[in-house]
Protein chains: 2
Amino acid sequence: MQTALAAVGLPPALATIPQCRTPSSPVAEAKGGFRRTVPAEDEIFADGDRAGTFYKVVSGVVRTCKLLSDGRRQIDAFHLPGDIFGLEAGAEHRVNAEAVTEARLEVYRREPRALAGDDGTLAREIVASMLKGLERAQDHMMLLGRKSARERIATFLITFSRRTACTGTAMELPMSRTDMADHLGLTVESVSRAVTQLEREGLIALPPNRRMVVLRDKAALARSPSDFGSRLVL
Amino acid sequence: MQTALAAVGLPPALATIPQCRTPSSPVAEAKGGFRRTVPAEDEIFADGDRAGTFYKVVSGVVRTCKLLSDGRRQIDAFHLPGDIFGLEAGAEHRVNAEAVTEARLEVYRREPRALAGDDGTLAREIVASMLKGLERAQDHMMLLGRKSARERIATFLITFSRRTACTGTAMELPMSRTDMADHLGLTVESVSRAVTQLEREGLIALPPNRRMVVLRDKAALARSPSDFGSRLVL
DNA sequence: CGATTCCTTGAGTCCGTTCAAAGCCCGTGG
DNA sequence: CCACGGGCTTTGAACGGACTCAAGGAATCG
């Protein structure tokens with residue numbers, strides 16, 4: 001247990017965190033329910049809601065986003081199975097969360113009581129999730145601030161394929177082009193054009209079903225303009 | 001102690017974290033040193049370095065950034081006194097950290113030993129810092145993905161004035177225009193033009209010393225295109 | 001007081017947007 | 001089984017905001 005926490009670089013004692021009940025049954029329970037199933041496109045919580053709970057994705061895909069008063073939208077992240085979202089520093093949520101596909105969620109209460117039970121697994125997950133989220137946010141800020149439309153699509157496809165542990169070349173994109181656009185800081189039209197361009201270049205193939213993509217050359221997609229640092233591949 | 005942690009919405013038991021020594025003396029110590037002073041523009045750590053330590057800003061300003069192989073740079077955050085930076089999910093740093101101004105830092109070892117001593121204050125700070133960092137990252141992604149140059153500058157000035165708890169209207173910007181550009185996803189020229197535009201509009205004033213700004217109308221600066229959600233001001 | 005560096009300004013270009021329309025899936029119902 | 005309808009996606013043409021390239025100005029430092 002200690003080693004696990006140490007692995008994410010934080011004190012082993014963190015493992016004592018509990019306070020959030022460990023789910024027991026795989027299906028929804030009476031009292032409040034530890035699980036929740038949300039239909040595609042339904043809201044999970046809204047910006048401004050009291051942040052009394054947070055969630056872990058069991059299956060499906062969730063998006064968290066912010067809106068400006070004039071309707072502009074920024075999807076800050078897509079959450080895949082295993083990901084934790086909805087944790088806030090303050091008392092209220094600061095993003096909207098919606099199901100992209102039908103999603104099964106594990107719900108955790110944020111309140112201080114109910115410490116008992118947990119063996120620290122969840123605590124470790126939470127910390128790891130926060131750090132991972134920050135890391136993804138940093139990468140995404142680089143994408144939003146400095147990459148071209150073509151690079152954004154290429155990076156997105158590669159990143160998503162890695163996150164879904166997609167082994168082959170075919171991959172399903174659960175979200176619409178509009179969602180991709182609002183995640184990548186582009187318009188739908190630009191997304192479409194960039195995707196088409198990658199297809200013409202032979203890096204990807206686009207089956208009739210537009211939610212599918214075939215990554216024909218992952219290496220080329222990944223090596224658009226490489227990052228410096230750790231995994232620098234020269 | 002428990003209440004403090006609960007305030008950030010995480011289990012009180014987190015407070016038991018320690019593992020990172022609490023600094024004792026306000027000046028540099030022999031063994032490894034708990035404090036470190038870095039001259040302006042000097043590197044603190046680089047992308048790819050082993051992430052054996054993390055830091056808290058005592059005074060001065062620090063920037064963390066990523067680079068692409070072709071030189072494009074994205075500053076993901078400026079860290080002000082009290083902020084914690086350099087915590088990583090993995091074994092290596094994934095950003096570069098440099099001092100913007102001369103900076104005094106508190107250095108914490110990440111290793112699992114040395115649990116003793118801390119009363120949980122640091123643990124709470126770490127968690128709060130991670131959540132705060134994530135929140136700022138979300139806001140910044142909205143800025144990078146969806147806001148115009150003028151809006152980016154306005155948002156940046158307001159956000160920075162709030163973070164520095166700048167009470168009056170005059171504010172010092174410790175970073176160069178280039179740093180602002182690389183933080184806001186713009187070019188230096190665009191930053192300069194947008195700043196000039198805000199001045200012409202009377203929202204700000206620009207003293208001869210270009211590192212200074214006078215926020216003549218914070219309300220107008222803040223209300224560019226307002227966020228929805230929690231603090232919605234209609 | 002000169003030199004360097006940073007910041008600003010100008011002119012022209014380009015990428016992504018906007019506006020508009022057509023194409024394609026897919027579900028529905030005849 | 002196929003025609004129809006609606007939403008999503010793609011494509012086209014023109015526009016515009018930020019970028020690039022290039023110079024000029026201002027402040028700071030030696």
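We name chains A, B, ... by the order of the sequence lines, and we start the count at 1 in each one.
- Summarising the geometry, the separation between CZ on A:R210 and C1' on C:dC26 is reported as 14 Å, rounded to the nearest angstrom.
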Enumerate donor-acceptor pairs with a distance under 3.5 Å from any side-chain N or O in residues 185-192 of chain B to protein atoms, sequence neighbours excluded.
| from | atom 1 | to | atom 2 | distance (Å) |
| --- | --- | --- | --- | --- |
| B:T187 | OG1 | B:S190 | N | 3.2 |
| B:T187 | OG1 | B:S190 | OG | 3.1 |

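- With respect to the salt-bridge test (charged N to carboxylate O, under 4.0 angstrom), the residues A:K132 and A:D83 do not qualify.
- OP1 or OP2 of C:dC7 has at least one side-chain nitrogen or oxygen of B:R211 nearer than 4.0 Å.
- The nucleotide range of DNA chain D contacted by chain A, defined by atoms under 4.0 angstrom from heavy atoms of the protein and reported 5' to 3', is D:dT9 to D:dA13.
- The minimum heavy-atom distance between B:E43 and B:E98, with the atom names listed, is CA-CG, 4.0 Å.
- Distances shorter than 4.0 Å separate some side-chain N or O of B:S192 from OP1 or OP2 on C:dT8.
- Heavy-atom nearest nucleotides on DNA chain D were determined for A:V191 and for B:R150, and the one closer to the 5' end corresponds to A:V191.
- Considering all non-hydrogen atoms of both residues, B:L203 and B:A220 come closest at CD2-CB, 3.7 Å.
- The CE-P distance, from B:M212 to C:dC7, rounds to 14 Å in whole Å.
- A 6.0 Å sphere centred on CZ of B:R216 holds no more than 12 heavy atoms belonging to other residues, nucleotides or ligands.
- The pair B:R94-A:E135 counts as a salt bridge, with a side-chain nitrogen and a carboxylate oxygen less than 4.0 angstrom apart.
- Not a single salt bridge (charged side-chain N to carboxylate O under 4.0 Å, His left out) links B:R152 to another residue, sequence neighbours left out.
- Take the nearest nucleotide of DNA chain C for B:V188 and for A:N209: the residue whose nucleotide is more 5' is B:V188.
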Check nucleotides 19-21 of chain C for protein N or O atoms closer than 3.5 Å to its own N or O atoms and list the pairs.
| from | atom 1 | to | atom 2 | distance (Å) |
| --- | --- | --- | --- | --- |
| C:dC19 | N4 | A:E189 | OE2 | 3.0 |

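- Taking the six-membered ring where the residue is Trp, B:F78 and B:F160 present perpendicular rings, their angle passing 60° and hence far from 30°.
- Using a 4.5 Å cut-off on side-chain heavy atoms (C-beta onward), A:N96 and A:T64 make no contact.
- Residues in residues 193-212 of chain B take part in no ring-ring contact (aromatic ring centres under 6.0 Å, His included) pair, two or more places apart or across chains.
- End-to-end axis angle of the helix from C:dC1-D:dG30 to C:dG30-D:dC1, using five pairs per end and rounding to 10°, comes to 40°.
- Computed from coordinates, the A:E151 CD to C:dC15 P distance equals 12 Å when rounded to whole Å.
- Residue-to-nucleotide proximity on DNA chain D shows that, of B:G185 and A:L206, the 5′-proximal contact is made by A:L206.
- Regarding A:R146, its CZ atom lies at a distance of 14 Å from the P atom of C:dG16, rounded to whole Å.
- Here the C1' atom of nucleotide C:dC6 and the CE atom of B:M175 are 15 Å apart, to the nearest Å.
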- Could you walk me through whether B:T37 and B:R104 pass the side-chain hydrogen bond (donor to acceptor under 3.5 Å, both in side chains) check? CA-CA 4 Å; B:T37 299; B:R104 280 186 301 147; 5.6 Å; no

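- Between the side chain of A:H140 and the main chain of A:H183, a donor-acceptor pair closer than 3.5 Å is present.
- Closest to the side chain of B:T196, out of C:dC25, C:dT8, C:dC7, is C:dT8.
- Note on B:S176: only backbone sugar-phosphate atoms sit closer than 4.0 angstrom, heavy atoms only; bases stay farther off.
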